[in-house]
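Working notes, beginning with the structure itself.
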Amino acid sequence: MIDDNQTPQAPTGTHDLMPPESARWESLLGLFANLSHRYSFGLVHTPMFEDVRVFQRGIGEVSEVVSKEMYEFTDRGGRHYALRPEGTASIVRAFVQHRPTTPFRAWYATPSFRYERPQAGRYRQHHQVGVEVLGSDDADIDVEVIALAQRFFEGLGLKSFTLSLNSMGDGACRPQYVEMLRSFLAEHQADLCEEHAKVYAINPLRVLDCKKDACQEVTEKGPFLEDVLCGECHDHLARVEEGLRQEGISFIRSPRLVRGFDYYTRTTFEFASDALEGAQNAIGGGGRYDGLVESLGGPPTPGIGFGIGIERVLLACDAEGVFVVESLPPVAFVVDATGGDQARRITASLRAFGISVDRAYDQRSMKAQFKAADRSGAALALVVGDDELASNSVTVRPLRTQDEQITITLEELFERVRKTGRIL
RNA sequence: GUGGUCGUAGCUCAGCUGGCAGAGCGCCGGGAUGUGGCCCCGGAGGUCGCGGGUUCGAGCCCCGUCGGUCACCCCA
């Protein structure tokens, strides 16, 4: 809300990304893009908003995210839209719309919006990088997808994180298990936590994920999906585990891991930072969703993917003291005491040669221009005074070393840059 | 959605039992005429988040509100 007497601020739970922090984002996104290409994923951009039904049908109407946290709006044409709360549903919608050849391997980087109360590591607009593979249920793909996430975290320098792995079963075994669990919970309803005693019947799996002691004590004695997985799911899980071992990726089997979206089947996984204090320690997660394409109107098509929260990953990096990125200073800074015409020419020419150059403006004093040069972080100051102007030359003064400054003609400077790509 | 806590200069923060808004850093200018960092001198910059109330007088007390932050919940 903007008060007329107050300067406007970024909306609650959102943040402006500016230098120098933005340099880290550039670097992180570059790393993820490179890795995605190495794994043969193609970039997909979808609109940041979709018909609400894409998310309702995709993620599940009773899920917390869809029922309570979506930014919904009606446009001037009366269409009912929602800002994307997560990445997968949109990609699947695009897949259904365009029907690319399978397996379809997509990577993305996008903001996500959820109307939640902000806190450390939780924002109303946060950003995710992720991948999706549609059109194959080969367990090797599960392994590749998990491996990509693992390599990404390693590439950032993270060490202190844990991969949890579970299987949610499929259409053959999960419904049966859900019923078993439902009736088991009904018997122990009195012992569940306040919230789940009321709602356990709607989605019994949620109770497994409850962190309250009451629910944990109950479910520990209850049926585990692991024990009733059908043969195919069991084999699939075993092959994923084997693949991860071959990749040298350690994980813990986590039979209680139930993720927040209803579309998951079979493989589900989550990466949690051990360096982050507090509850917001999930830095990435995903899983298989073999029924999602169908529920969005496409042909039966298996799929799997993950999303990684950029803000959280960077918090984890901070906590571990890794992925420190310096913003790139210009190579040279032009100081011109003769009015600025030479500065304009030199700056433009060097930039055309691919050299990063900054300069001073407003015809400020020598001292002020040198101060600006120093602050810019540039290695060299290129100085133009009356003498240089008269001889069509420039004085190159090293700012980071004790080396002597030299004066050379512009002709010589450009020739040198043309040949070597460097000023010195 | 619930609860705790905090809003003073661009940043980090002082400001006594209500009595003239401060410091450090940063920024701008100067320190003899063309050279940054260190040092010295000077300067600009504040509706004390916003709106009410109490009071002779409110940055300080009271109410409301907005925002930050932390926790629950959920998740990235």
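Note on naming: letters A, B, ... go to the chains in the order of the sequence lines (proteins, then strands), and numbering restarts at 1 for each one.
When side chains are defined from C-beta on, A:Y289 counts as touching A:V92, because their heavy atoms get closer than 4.5 Å. At least one side-chain heavy atom of A:V44 sits under 4.5 Å from a side-chain heavy atom of A:F104. In this structure, A:H45 and A:L43 have side chains that are in contact, with non-hydrogen atoms separated by less than 4.5 Å.
Under the side chain to side chain contact (heavy atoms under 4.5 Å, CB included) criterion, A:E144 pairs with A:Y39, A:R105, sequence neighbours left out. Qualifying ring pair (Phe, Tyr, Trp, His ring centres under 6.0 Å) partners for A:H126, counting only residues two or more places apart in sequence or in other chains: none.
The salt bridge (charged side-chain N to carboxylate O under 4.0 Å, His left out) pairs that include a residue from residues 402-413 of chain A are A:E412-A:R416, where partners are two or more places apart or lie in different chains. For the salt bridge (charged side-chain N to carboxylate O under 4.0 Å, His left out) condition, the pairs that include at least one residue of residues 318-330 of chain A, sequence neighbours left out, are A:R24-A:D318. Every pair passing salt bridge (charged side-chain N to carboxylate O under 4.0 Å, His left out) that includes a residue from residues 391-400 of chain A is listed here, sequence neighbours excluded: A:D374-A:R400. Note on residues 309-368 of chain A: no pairs pass ring-ring contact (aromatic ring centres under 6.0 Å, His included), not counting sequence neighbours.
Mapping A:I310 and A:S365 onto RNA chain B by nearest heavy atom places A:S365 at the nucleotide closer to the 5' end.
A heavy atom closer than 4.0 Å to some atom of RNA chain B occurs in A:T12, A:G13, A:H15, these being the qualifying members of residues 12-21 of chain A. Using a 4.0 Å cut-off on heavy atoms, none of the residues of residues 27-57 of chain A approach RNA chain B.
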Review item, nucleotides 1-3 of chain B N/O atoms under 3.5 Å of protein N/O:
residue : atom : partner : partner atom : Å
B:rU2   : O4   : A:R117  : NH1          : 2.8
B:rG3   : O6   : A:R117  : NH2          : 3.1

Each nucleotide N or O in nucleotides 32-34 of chain B that has a protein N or O under 3.5 Å away: list the pair and distance.
residue : atom : partner : partner atom : Å
B:rG34  : O6   : A:D387  : N            : 3.1
B:rG34  : O6   : A:D387  : OD1          : 3.3
B:rG34  : O6   : A:D387  : OD2          : 2.5
B:rG34  : O6   : A:E388  : OE1          : 3.4
B:rG34  : N1   : A:E388  : OE1          : 2.6
B:rG34  : N1   : A:E388  : OE2          : 3.0
B:rG34  : N2   : A:E388  : OE2          : 2.9

Would you list the protein and nucleotides 40-45 of chain B atom pairs, both N or O, that sit under 3.5 Å from each other?
none

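Nucleotides B:rG59 and B:rG52, compared at atom P, are 14 Å apart to the nearest Å. As rounded to the nearest Å, B:rC16 and B:rA58 have C1' atoms that lie 15 Å from one another.
Under a 3.5 Å cut-off, the side chain of A:E21 and the backbone N or O of A:M18 do not form any donor-acceptor pair.
Checked against a 6.0 Å centroid threshold, the rings of A:F49 and A:F73 count as neighbours.
You cannot call A:H127 stacked on the base of B:rA76; the centres under 5.5 Å and planes under 30° rule is not satisfied.
Ring planes of A:F152 and A:F32: perpendicular class, angle over 60° (limits at 30 and 60°).
Taking side-chain N and O atoms only, A:Q119 has no distance below 4.0 Å to OP1 or OP2 of B:rC70.
Look at CG on A:D358: it is 18 Å from P on B:rG36, rounded to the nearest Å. Remark: C1' of B:rG26 and CG of A:D374 are 14 Å apart, rounded to the nearest angstrom.
We find that A:D51 and A:R53 are joined by a salt bridge, their nearest charged nitrogen and carboxylate oxygen being less than 4.0 Å apart. Between A:D142 and A:R288, at least one side-chain N (NZ, or NE/NH1/NH2) sits under 4.0 Å from a carboxylate O, which counts as a salt bridge.
Residue-to-nucleotide contacts include no donor-acceptor pair under 3.5 Å from the side chain of A:R114 to the base of B:rC75. A:R375 contributes no side-chain N or O that forms a donor-acceptor pair with the base of B:rG36 under 3.5 Å.
A donor-acceptor pair shorter than 3.5 Å can be found between the side chains of A:T110 and A:R84.
Between atom OG1 of residue A:T347 and atom CG of residue A:L382 there is a gap of 8.0 Å, rounded to the nearest 0.5 Å. In this structure, OG1 on A:T88 lies 8.0 Å from CD1 on A:I59, to the nearest 0.5 angstrom.
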Original post:
How is the base pairing of RNA chain B summarised as a dot-bracket string, given the Watson-Crick and G-U wobble criteria with both distances under 3.5 Å, [ ] for crossing and | for another strand?
Top reply: (((((((..((((.....[..)))).(((((.......))))).....(((((..]....))))))))))))....
